[in-house]
Amino acid sequence: GNSVTQMEGPVTLSEEAFLTINCTYTATGYPSLFWYVQYPGEGLQLLLKATKADDKGSNKGFEATYRKETTSFHLEKGSVQVSDSAVYFCALQAKGGATNKLIFGTGTLLAVQP
Amino acid sequence: DAGVIQSPRHEVTEMGQEVTLRCKPISGHNSLFWYRQTMMRGLELLIYFNNNVPIDDSGMPEDRFSAKMPNASFSTLKIQPSEPRDSAVYFCASSPPSTQNQPQHFGDGTRLSIL
């Protein structure tokens with residue numbers, strides 16, 4: 001079945017450090033891939049998405065590239081800020097289904113220190 | 001545009017009481033999802049609806065949990081009787097028709113504490 005595996009946290013970085021959060025997936029066909037972010041006390045917000053192989057999603061300085069050959073969708077940011085501290089979820093959505101059901105990873109807590 | 005609206009934002013009640021959580025999806029969205037989030041188990045999909053019809057309730061923990069969607073603009077998740085282990089943050093999410101390949105939009109959640 002479909003599944004998402006992402007690196008366990010917490011990830012603790014200093015401000016302006018480079019961020020990578022790894023995400024790999026297992027799916028039949030070619031799913032759409034997403035990164036959601038959850039700030040403390042809030043719901044999940046869509047951060048970026050990619051719908052086909054080699055697509056690059058980007059938003060707020062974050063990027064992720066849909067790599068079919070490695071079934072990965074790693075999240076990167078060149079210089080993190082304290083305000084980026086949050087939980088990040090990788091997710092996939094199988095295409096052709098009746099609904100937009102998402103399969104989520106377990107989430108990775110990012111803590112950025114000043 | 002109004003997002004997904006959940007109420008109440010916080011609920012504290014004693015075990016054995018009935019709890020009702022409410023959700024208003026984004027207008028035009030035809031899929032609705034209920035999730036539960038805890039530190040121990042992470043984010044769990046409880047049930048989801050398509051065009052007001054429950055599609056998959058395999059994530060509902062037990063018979064004490066029930067969910068309804070009487071119309072396209074309203075859904076409830078009910079716990080009766082409630083237990084301390086039901087304490088969690090419950091999220092509702094909605095999405096447009098799947099042909100649009102659009103992501104889910106989440107509400108801010110209901111933080112439930114059962115004493």
| query | Do A:Y36 and B:Q104 have side chains that get closer than 4.5 Å, going by heavy atoms? | reply | yes

| message | Can you confirm whether more than 12 heavy atoms, excluding those of A:E69, are under 6.0 Å from its CD atom? | response | yes

| field | B:L21-B:I26 co-clustered via ILVMFWY side chain contacts under 4.5 Å | value | no

| field | Joint cluster assignment, A:F73 & A:F104, ILVMFWY side-chain distance < 4.5 Å | value | no

| When only pairs under 4.5 Å are counted, which of A:I103, A:T106, A:L102 shares the most heavy-atom pairs with chain B? | A:L102

| Which portion of B:R9 sits near chain A, non-hydrogen atoms under 4.5 angstrom | side chain

| Does some side-chain heavy atom of B:D56 sit less than 4.5 Å from a side-chain heavy atom of A:K101? | yes

| query | For B:F74, does the CZ atom sit with more than 12 other heavy atoms under 6.0 Å from it, leaving out its own atoms? | reply | yes

| task | Tell me, for B:N51 versus chain A, whether the close heavy atoms (under 4.5 Å) come from the side chain, the backbone, both or neither. | result | neither

| note | Cut-off 4.5 Å, heavy atoms of chain B, and the answer for A:L46 is side chain

| Verify same cluster id: B:Y90, B:I47 (apolar side-chain graph, 4.5 Å) | yes

| task | Spell out the residues in residues 62-73 of chain B that have some non-hydrogen atom less than 4.5 Å away from a non-hydrogen atom of chain A, in order of number; otherwise answer 'none'. | result | none

| query | With only heavy atoms counted, which part of B:Q6 is less than 4.5 Å from chain A, the side chain, the backbone, both or neither? | reply | neither

| message | Applying a strict under-4.5 Å side-chain criterion to I, L, V, M, F, W and Y, I'd like to know whether B:L45 and A:F89 cluster together. | response | yes

| remark: Between A:Q38 and B:F91 the two heavy atoms that sit nearest each other are NE2-CZ, 3.3 Å

| task | Against chain B, label A:Q45 side chain, backbone, both or neither, depending on which of its atoms sit under 4.5 Å from a heavy atom there. | result | neither

| query | Does CD in A:E8 sit with more than 12 non-hydrogen atoms of other residues, nucleotides or ligands closer than 6.0 Å? | reply | no

| query | Are B:F106 and A:V37 co-members of a hydrophobic cluster defined by side-chain heavy atoms under 4.5 Å apart? | reply | no

